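All figures in this text were calculated on a predicted structure; none of them were measured in a lab.
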Amino acid sequence: MDVKKIVVIVEDVDAARSALLWALQNLLRYGDVVTLLHVFPSLNSRNRKKLRLLRLKGYQLALSFKDICNDFFNTNVEIIVTEGDQEGARIAALVREIGASALVVGLHDRSFLYRLAMSHNDISSSFNCRVLAIKQPAASPQLRTQTSAATTPDRSSNLDVSLSQIEIDRLEFPDIPPPKIPYRICPNPSAIIWRSRKSRRKGSSRREAYL
């Protein structure tokens with residue numbers, strides 16, 4: 001069996017953690033390698049202290065994602081933390097260099113996939129692999145105000161059709177009752193032998209009955 005490499009984008013959002021869990025539960029096979037990739041933003045000023053701090057925070061975030069992977073038996077995990085742009089070009093280059101078979105991304109309002117979709121006609125060709133965008137359940141309509149609904153469009157409609165978008169709130173299993181097992185009280189009545197034996201005393205008789 002060929003070993004596949006699955007790249008999961010590490011971001012400090014719940015959608016990214018949900019995407020990792022989905023990949024571990026539905027995509028990962030025995031022997032596959034999970035690459036946790038975090039790209040922190042480039043700074044205009046080459047301040048080494050700030051760069052070192054961003055790299056450290058990114059590595060700590062990736063370690064928290066690795067803790068999620070540790071709950072799954074025999075998971076091969078590698079971590080990559082690097083500097084890059086926020087348009088997705090650096091991520092695309094690394095995914096191609098890794099030779100990934102799938103890229104798993106948690107889809108949220110600030111996702112780089114939206115910016116990449118505006119500059120590329122085919123997202124999947126940028127990565128040379130299958131792209132899976134995991135979308136969390138939408139907020140309850142009662143919690144949305146008219147202002148937020150008017151100013152926050154559904155950006156998922158702008159994604160390229162080659163992108164596999166999975167809404168995890170729709171992945172439900174039907175309730176299947178357990179099969180009924182018939183209970184046979186007496187499989188073969190003729191095989192039952194009833195025997196009654198009294199203690200032998202003087203004048204007592206032995207009685208046996210076979211049915």
Undergrad: With a 4.5 Å heavy-atom cut-off, do C129 and V95 have their side chains touching?
TA: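 A side-chain contact exists here, since the closest heavy-atom pair is under 4.5 Å.
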
Undergrad: State, with a plain yes or no, whether a side-chain heavy atom of W22 is found less than 4.5 Å away from one of L132.
TA: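 SC-SC contact between W22 and L132 confirmed.
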
Undergrad: Any sub-3.5 Å donor-acceptor pair from D85's side-chain atoms to R90's backbone N or O?
TA: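 Judged by distance alone, yes, a pair lies under 3.5 Å.
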
Undergrad: Verify the neighbour count for atom CD of Q25: are there more than 12 heavy atoms of other residues, nucleotides or ligands below 6.0 Å?
TA: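 Correct, the count exceeds 12.
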
Undergrad: Applying the side-chain contact (heavy atoms from CB on, under 4.5 Å) test to V81, which of K57, R55, Q60 qualifies?
TA: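 Testing V81 for a side-chain contact (heavy atoms from CB on, under 4.5 Å) against K57, R55, Q60 leaves exactly one candidate, R55.
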
Undergrad: Measuring only between side-chain heavy atoms, which start at C-beta, is I79 closer than 4.5 Å to L63?
TA: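 Heavy-atom side-chain distance check passes, below 4.5 Å.
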
Undergrad: Rounded to the nearest 0.5 Å, what separates atom OG in S101 from atom CG in N128?
TA: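 Answer for the OG-CG pair, S101 versus N128, is 12.5 Å.
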
Undergrad: What I'd like to find out is whether the side chain of I68 reaches to under 4.5 Å of the side chain of L24, using heavy atoms alone.
TA: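 A side-chain contact under 4.5 Å exists here.
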
Undergrad: Using atom types as modelled and distance alone, determine if a side-chain donor or acceptor of T75 lies under 3.5 Å from a backbone N or O of F72.
TA: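 Yes, the answer is positive, given that a donor and an acceptor are paired below the 3.5 Å cut-off.
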
Undergrad: Where do G106 and S111 come nearest, in terms of heavy atoms and distance?
TA: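 Shortest heavy-atom contact: O-OG, 4.3 Å.
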
Undergrad: Just wondering, do L107 and Y114 contact through their side chains at under 4.5 Å, heavy atoms?
TA: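 Sidechains of L107 and Y114: in contact.
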
Undergrad: Would you call I80 and L36 a side-chain contact if the rule is heavy atoms closer than 4.5 Å?
TA: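 Counting from C-beta outward, I80 and L36 never come under 4.5 Å.
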
Undergrad: Check whether any side-chain N or O of R17 sits under 3.5 Å from a backbone N or O of F65 as a donor-acceptor pair, and report yes or no.
TA: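 Not a single qualifying donor-acceptor pair exists.
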
Undergrad: Run the numbers on L116 and F127 for side chain to side chain contact (heavy atoms under 4.5 Å, CB included), then give the verdict.
TA: CA-CA 11 Å; L116 192 64; F127 302 99; 3.4 Å; yes

Undergrad: So, taking the atom named OH in Y59 and the one named CZ in F40, what distance separates them when rounded to the nearest 0.5 Å?
TA: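 One finds 14.0 Å between OH of Y59 and CZ of F40.
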
Undergrad: Hey, is the main chain of V39 close enough, under 3.5 Å, to the side chain of T82 for a donor-acceptor pair?
TA: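 Here the side-chain-to-backbone pair does not exist.
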
Undergrad: Are V13 and F112 joined in one hydrophobic group, where the rule is that I, L, V, M, F, W and Y side chains link up if heavy atoms are under 4.5 Å apart?
TA: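 No, separate clusters.
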
Undergrad: Taking the side chain as everything from C-beta on, heavy atoms only, tell me whether I6 gets closer than 4.5 Å to T35.
TA: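 Counting from C-beta outward, I6 and T35 never come under 4.5 Å.
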
Undergrad: Quick check for you: to the nearest 0.5 Å, what is the distance between L113 atom CG and H108 atom NE2?
TA: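 If I round to the nearest 0.5 Å, the distance is 8.5 Å.
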
Undergrad: Only one of K66, E11, H38 clears side-chain contact (heavy atoms from CB on, under 4.5 Å) with L61; which?
TA: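 Of K66, E11, H38, side-chain contact (heavy atoms from CB on, under 4.5 Å) with L61 is met by H38 alone.
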
Undergrad: Is the shortest distance from a Lys or Arg side-chain nitrogen in R29 or D2 to a carboxylate oxygen in the other one below 4.0 Å?
TA: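 Salt bridge flag = no for D2 with R29.
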
Undergrad: So do I9 and L103 actually touch side chain to side chain, heavy atoms under 4.5 Å?
TA: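 With C-beta onward as the side chain, the pair touches.
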
Undergrad: Between CG of L27 and CG of L20, what distance do you get to the nearest 0.5 Å?
TA: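 It is 11.0 Å, given to the nearest 0.5 Å.
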
Undergrad: Give a yes or no answer on whether the side chain of D32 reaches the backbone of L28 with a donor-acceptor pair at less than 3.5 Å.
TA: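 Between the backbone of L28 and the side chain of D32 there is no qualifying donor-acceptor contact (under 3.5 Å).
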
